[in-house]
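Okay, structure first, notes after.
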Amino acid sequence: MKRLCVLVLSLAALIYTVPVNAQDITVGGQLRPRFEFRDPYSAPTGLEHDVFTSMRARAHVRADLEKNVSVMLQFQDVRFWGGETSTLADFSADNLDIHQAYVDVSSGEGPITYTARVGRQEIAFGGHRLIGTVNWTQQARSFDALRLSADGSTVRLDVIGALLQDATAAANDDDAYLVGAYAQLRDAGPGTLDVYGLFNTRFDRSGAGNPDTEQGTFGARWWGQSGNVRFRAEASYQTGDRAGLDVSAFMFGGRVGTTLADGAGSITLWYDYLSGDDDATDTDTKVFDTLFATNHKFYGFADLFLNIPVHTGGRGLQDIAVKGSYRPDPRVNLGLDVHSFHAAKSNGLSTGHFGEEVDLTLTYTHSRNLRVTSGLSQVFQADGFADIGRLTENMSWFYLMMDVGF
């Protein structure tokens, strides 16, 4: 923590040496400790419960320079409490990392604003369905990327190119890339229409002859609000090659929700379908890959489906859910989500029923700088979970998190 503060103050001093006004400098940070209890700790081994506290510490400096140029530097330290060998062992800053470090060059004001962002950056599209920041995790996700944006009153277009792995680095044996385009049409009836094409590749440079991946994902998402009704409908199709297998997979989903009469709550009906494979022995795969999504946001807060398709055993997923919220006080929000999980393909399973999950969340906003959130999830395991080696008994999970930002 001390090294993090010293580093940010040093960066701020460096930035003040360039010819900018004091009001063009922004310094901020975040502290987010989170206590968690999980029982059982790790499925399917049947280990006993686990109790731990993790913490994110972030600090950033942002400078708006001349001629529509800005720079962002964000550092973070992520650790478990009690992770050091002793109270005198923490002096190497081994957890300190650069989360974001990029430069923006913009065209300035006009009917259409053009921006180029170069460097390490968070990227999220389409509600985080396929590319998201995964902010729930303490480390979150960022890309080494180039992002080109054109933003007008009714249309926005983003083009990205990210280097995921480079075999030149000592830790990697592969070259991996992500490129794509994401467009938003804001006047599509009562909502916004998103259309996109994403290409992810991986090439083996180790000489071991591992199969390559060249996969494309194409889709659309229509979302918005009409009167008191909020809606979302989306679909994606994947094709190409994934680790030497021919890909033909798809995903579709939708939701519809409304605000309660007094405006203090809401209720939403939710359904997602991710295709699965009906024959794991052939040269094709029909399992949908969620790429770089924030799956915590979609498939239950207990995080049993973080890595899809691995965490579905290649059978795909159906998620039928009802989500509600109630605000008894402007500072307090109660959330209740109920999920029923089923395989899209029950090939080889005794049943396609994975189980149910109930998520209860309580959020208290003390001020604009401090928020406290607690959650309790109960997973009711069905035989489908055991068949794919994920969960052999019911699971309970509880967390308490404080989030302070400035």
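Contact record, Ser206 with Asn210: OG-ND2, 4.1 Å, taken as the closest heavy-atom pair. In this structure, Leu157 and Ala181 approach most closely via the heavy-atom pair CD1-CB, 4.5 Å. Considering all non-hydrogen atoms of both residues, Ile308 and Phe288 come closest at CG2-O, 3.8 Å. Across all non-hydrogen atoms, the minimal contact from Gly209 to Asp204 is N-OD2, 3.2 Å. Summarising the geometry of Arg141 relative to Glu122, their closest heavy-atom pair is O-CG, 3.6 Å, with the distance given to 0.1 Å. Closest of all the heavy-atom pairs between Arg56 and Thr137 is NH2-O, 2.9 Å.
Here the CD1-OH distance, from Ile131 to Tyr182, works out to 9.0 Å after rounding to the nearest 0.5 Å. The line from CG of Leu376 to CG of Leu360 is 6.0 Å long, rounded to the nearest 0.5 Å. Rounded to the nearest 0.5 angstrom, Phe199 CZ and Thr239 OG1 are separated by 10.0 Å. Taken to the nearest 0.5 Å, the CG atom of Asn394 stands 6.5 Å off from the CD atom of Gln381. Between the NE2 atom in His99 and the CD atom in Gln121 there is a gap of 10.5 Å [rounded to 0.5 Å]. Atoms CZ and CG, from Arg58 and Leu31 in turn, are 12.0 Å apart once rounded to the nearest 0.5 Å.
Across Ile123, Leu164, Leu198, a single residue satisfies side-chain contact (heavy atoms from CB on, under 4.5 Å) together with Phe292, and that is Leu164.
Val358 places a side-chain heavy atom less than 4.5 Å from the side chain of Leu336. Proximity of Leu306 to Tyr299: side-chain heavy atoms (C-beta onward) are nowhere separated by under 4.5 Å. Contact of the Thr154 side chain with the Leu185 side chain is not registered, since no non-hydrogen atoms from C-beta on lie closer than 4.5 Å. In this structure, Trp270 and Arg232 have side chains that are in contact, with non-hydrogen atoms separated by less than 4.5 Å. In this structure, the side chains of His311 and Leu304 stay at 4.5 Å or more apart for every pair of heavy atoms. Looking at Phe125 and Ile160, their side chains come closer than 4.5 Å, going by heavy atoms from C-beta outward. Residues Asp241 and Asp246 are in side-chain contact: their nearest non-hydrogen atoms beyond the backbone lie under 4.5 Å apart. Residues Tyr102 and Ser70 have side chains not in contact (no heavy-atom distance under 4.5 Å, counting atoms from C-beta outward).
You'll find the ring centres of Phe341 and Phe298 outside the 6.0 Å limit. Separation of the His49 and Phe37 ring centroids falls under the 6.0 Å cut-off. In this structure, the ring of His296 has its center less than 6.0 angstrom from the ring center of Phe301.
If you check the side chains of Thr201 and Glu214, you find no donor sitting under 3.5 Å from an acceptor. Between the side chains of Asn135 and Thr133, not a single donor N or O lies within less than 3.5 Å of an accepting N or O. Residues Ser266 and Ser325 bring a donor and an acceptor atom of their side chains to less than 3.5 Å of each other.
Taking the charged nitrogens against the carboxylate oxygens, Asp151 and Arg186 do have a contact shorter than 4.0 Å, which makes a salt bridge. Ion pairing of Arg117 with Asp104 is present here, as a side-chain N (NZ or NE/NH1/NH2) and a carboxylate O approach within less than 4.0 Å. The pair Asp272-Arg129 counts as a salt bridge, with a side-chain nitrogen and a carboxylate oxygen less than 4.0 angstrom apart. Under 4.0 Å is where a charged nitrogen must lie from a carboxylate oxygen, and between Asp158 and Arg156 at least one such pair does.
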Val51 and Phe35: CA distance, side-chain angles, deciding distance, side chain to side chain contact (heavy atoms under 4.5 Å, CB included) verdict: CA-CA 8 Å; Val51 180; Phe35 167 86; 3.2 Å; yes

Test log, rule side chain to side chain contact (heavy atoms under 4.5 Å, CB included), inputs Asp166 and Asp175: CA-CA 5 Å; Asp166 190 336; Asp175 287 336; 3.6 Å; yes

Steps toward side chain to side chain contact (heavy atoms under 4.5 Å, CB included) verdict (Asp24, Leu65): CA-CA 7 Å; Asp24 297 325; Leu65 311 179; over 6 Å; no

Side chain to side chain contact (heavy atoms under 4.5 Å, CB included) between Glu234 and Asp194, worked out: CA-CA 9 Å; Glu234 58 188 314; Asp194 300 351; over 6 Å; no

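No donor-acceptor pair closer than 3.5 Å links the side chain of Glu356 to the backbone N or O of His339. Between the side chain of Gln138 and the backbone N or O of Arg32 there is at least one donor-acceptor pair closer than 3.5 Å. With hydrogens and angles ignored, the 3.5 Å screen pairs a side-chain donor or acceptor of Asp289 with a backbone N or O of Leu291. Using modelled atom types, no side-chain atom of Arg390 and backbone atom of Ile388 make a donor-acceptor pair closer than 3.5 Å. Remark: side-chain polar atoms of Glu357 are paired, donor with acceptor, to backbone N or O of Ala302 under 3.5 angstrom. Using modelled atom types, one side-chain atom of Ser107 and one backbone atom of Tyr114 make a donor-acceptor pair closer than 3.5 Å.
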When the side chains of residues 395-402 are checked against the rest of the protein, which donor-acceptor pairs come out under 3.5 Å, sequence neighbours left out?
| unit_1 | atom_1 | unit_2 | atom_2 | d |
| --- | --- | --- | --- | --- |
| Ser396 | OG | Gln378 | OE1 | 2.6 |
| Trp397 | NE1 | Glu36 | OE1 | 3.0 |

N/O donor-acceptor pairs under 3.5 Å from side chains in residues 248-265, not counting sequence neighbours:
| unit_1 | atom_1 | unit_2 | atom_2 | d |
| --- | --- | --- | --- | --- |
| Ser248 | OG | Tyr237 | OH | 3.2 |
| Thr258 | OG1 | Asn228 | O | 3.0 |
| Thr258 | OG1 | Asn228 | ND2 | 2.9 |
| Thr259 | OG1 | Arg230 | NH1 | 3.2 |
| Asp262 | OD1 | Ala264 | N | 3.0 |

Side-chain donor-acceptor contacts of residues 363-374 below 3.5 Å, not counting sequence neighbours, with atom names and distances?
| unit_1 | atom_1 | unit_2 | atom_2 | d |
| --- | --- | --- | --- | --- |
| Ser367 | OG | Asn369 | N | 3.3 |
| Ser367 | OG | Leu370 | N | 3.3 |
| Asn369 | ND2 | Gly405 | O | 2.9 |

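Atom CZ of Arg331 has 12 or fewer heavy atoms from other residues, nucleotides or ligands within 6.0 Å. More than 12 heavy atoms of other residues, nucleotides or ligands lie within 6.0 Å of CH2 in Trp136, so this atom counts as buried by the packing criterion.
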